[in-house]
Amino acid sequence: MARPMNPLPNTGTGDRHLVDFATALRRLREKAGSPSLATMSAHSGVCIALLSGAHSGRKPPTWRTVEGYVRACGADIAPWRLRWQRLQFARNTAHARTQHVTLMRNWAALRRITPPHWPMNEADLAEVLNQVRRFRGLSLRDMARHGVGFSHHTYGNVLRGDRPVTADILLAILHSCAVGPDEIRGWLRVLARVRPAEALRVHSLLSKMPPPRSSVRYRAATLAPMRESQKGGGKQQ
């Protein structure tokens with residue numbers, strides 16, 4: 001039989017969104033018959049400490065932990081993914097600056113992580129990139145697993161502003177956060193503006209990237225009538 005869970009933080013002093021999420025996880029566990037954390041760990045591959053922390057209401061769990069928790073309770077993953085994303089958005093917007101709130105709302109609405117126009121220096125850019133990481137709900141170790149060539153220590157130093165943002169590190173951060181290729185172009189241009197020393201490298205990377213999808217669609221729409229006209233002209237001759 002599962003041991004009693006510790007009381008949740010008071011919503012007056014704790015994070016209300018986090019406490020609500022933890023409450024929902026506890027109800028899910030109870031609905032599954034209150035399996036022990038050891039049993040849940042064996043079914044999910046997530047350690048007992050992380051599973052316990054997920055329903056503590058004191059620290060936001062990673063998606064991998066939530067996914068393991070939900071699977072161990074035999075529930076559908078999809079709606080919990082949405083719940084977890086809403087938790088991330090609520091917590092991030094509660095602590096972010098006003099311009100970051102607007103930015104993340106735009107990302108959520110457009111489903112595209114486009115760069116803002118306002119970063120004036122590397123520190124601004126590093127701060128916004130950290131918001132991208134938080135928006136995606138990734139830890140530094142998650143980024144190191146998803147990206148290529150850099151450790152979580154390097155990502156942490158860059159996002160804290162303790163290490164310069166280079167074009168290659170920027171690419172790795174954006175790839176680990178699943179930013180689309182069209183949006184990556186814009187982020188590279190922001191880097192070239194705030195850190196001119198990287199402009200040459202940025203230009204080189206941009207020249208090797210495929211054209212934006214919008215340009216491809218435009219060219220296709222423009223060339224199609226011309227080709228049809230040429231075919232028609234050939235038939236008349």
Side-chain angles (χ1 to χ4, degrees), residues 15-18 20-21 60-64 66-67 77-140 142-147 150 155-156 158-161 164-196 198-199 202-203 205-206 209-218 221:
D15 185 322
R16 178 177 62 83
H17 301 289
L18 191 53
D20 289 346
F21 189 82
T62 65
W63 168 242
R64 183 174 180 276
V66 174
E67 182 182 22
I77 296 297
W80 280 94
R81 175 74 180 184
L82 183 59
R83 276 191 178 192
W84 178 81
Q85 288 176 334
R86 286 173 177 167
L87 170 67
Q88 299 302 307
F89 181 77
R91 296 192 76 252
N92 289 339
T93 54
H95 296 93
R97 297 187 311 182
T98 302
Q99 56 189 359
H100 289 160
V101 172
T102 303
L103 187 61
M104 286 190 284
R105 283 176 178 165
N106 288 339
W107 290 342
L110 297 174
R111 296 184 179 180
R112 297 172 56 201
I113 301 182
T114 53
H117 65 276
W118 44 260
M120 300 301 295
N121 51 51
E122 278 188 79
D124 287 347
L125 179 57
E127 188 177 357
V128 176
L129 289 172
N130 205 25
Q131 293 300 324
V132 174
R133 176 186 69 82
R134 290 175 177 169
F135 181 77
R136 286 302 197 200
L138 298 175
S139 68
L140 296 174
D142 290 333
M143 293 179 67
R145 283 194 293 269
H146 296 163
F150 298 101
Y155 287 128
V158 170
L159 296 178
R160 285 192 301 269
V165 182
T166 67
D168 294 289
I169 291 177
L170 175 61
L171 273 181
I173 290 172
L174 297 176
H175 284 148
S176 69
C177 294
V179 177
D182 286 359
E183 290 72 49
I184 286 176
R185 290 174 170 273
W187 286 97
L188 285 170
R189 292 190 180 101
V190 171
L191 174 62
R193 176 169 57 80
V194 302
R195 189 163 186 239
E198 287 294 297
V202 166
H203 178 75
L205 290 171
L206 288 173
M209 294 178 66
R213 286 171 296 187
S214 56
S215 298
V216 172
R217 288 195 296 268
Y218 173 79

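Quick caveat: nothing in here was measured; it's all calculated off a predicted structure.
Inter-residue side-chain proximity for Arg81 and Val66 is flagged as unmet; no heavy-atom pair is nearer than 4.5 Å. The shortest side-chain heavy-atom distance between Met143 and Ile173 falls under the 4.5 Å cut-off. Within the 4.5 Å cutoff, the side chain of Arg189 has heavy atoms near those of the Leu206 side chain. A 4.5 Å side-chain heavy-atom check between Trp80 and Glu67 finds every atom pair outside the cut-off. A heavy-atom distance below 4.5 Å is not found between the side chains of Glu127 and Asn130. Using a 4.5 Å heavy-atom threshold, the side chains of Val190 and Val128 count as separate. Under the 4.5 Å side-chain criterion, counting only non-hydrogen atoms from C-beta, Thr114 is not in contact with Asp182. Counting heavy atoms from C-beta on, the side chains of Leu188 and Leu205 come closer than 4.5 Å.
For the residue pair Leu191 and Val165, the shortest heavy atom distance occurs at CD1-O, 3.5 Å. Taking all atoms of both residues into account, the shortest heavy-atom contact from Pro61 to Phe21 is CG-CE2, 4.1 Å. In terms of heavy atoms, Val202 sits closest to Ala167 at CG2-CB, 4.1 Å. Between Tyr155 and Ala172, the shortest heavy-atom contact is OH-CB, 3.3 Å. Taking each heavy atom of Ala199 and Ala192 in turn, the nearest pair found is CA-CB, 4.1 Å. Taking every heavy atom of both residues into account, Gly186 and Pro115 meet most closely at C-CG, 3.6 Å.
Between Phe135 and Trp107, the angle of the ring planes goes over 60°, which puts this pair in the perpendicular group of the 30/60° scheme.
Annotation: the span from Asp20 atom CG to Arg83 atom CZ amounts to 10.0 Å, rounded to 0.5 Å. Atom-to-atom distance recorded for Leu125:CG and Arg195:CZ is 10.5 Å, nearest 0.5 angstrom. With rounding to the nearest 0.5 Å, the separation of CG in Asn106 from CZ in Arg111 is 14.5 Å. For the atom pair CG (Asp124) and CH2 (Trp118), the distance works out to 6.0 Å, reported to the nearest 0.5 Å. Atom CH2 of Trp63 is separated from atom CG of Leu138 by 13.0 Å, given to the nearest 0.5 angstrom. Distance CG/Leu129 to CZ/Arg134: 12.0 Å, rounded to 0.5 Å.
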Going through the distances and angles, do Ile113 and Arg136 end up as a side-chain contact (heavy atoms from CB on, under 4.5 Å)? CA-CA 10 Å; Ile113 301 182; Arg136 286 302 197 200; 3.4 Å; yes
Verdict with supporting geometry, Trp187 and Val132, side-chain contact (heavy atoms from CB on, under 4.5 Å): CA-CA 12 Å; Trp187 286 97; Val132 174; 3.9 Å; yes
I would like to know whether Leu159 and Arg133 meet side-chain contact (heavy atoms from CB on, under 4.5 Å); could you show each step before the answer? CA-CA 9 Å; Leu159 296 178; Arg133 176 186 69 82; 3.8 Å; yes
Kindly determine whether Leu170 and Glu198 satisfy side-chain contact (heavy atoms from CB on, under 4.5 Å), including the steps that lead there. CA-CA 11 Å; Leu170 175 61; Glu198 287 294 297; over 6 Å; no
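By the 6.0 Å contact criterion, CZ on Arg64 is open, its count of non-hydrogen atoms from other residues, nucleotides or ligands being 12 or less.
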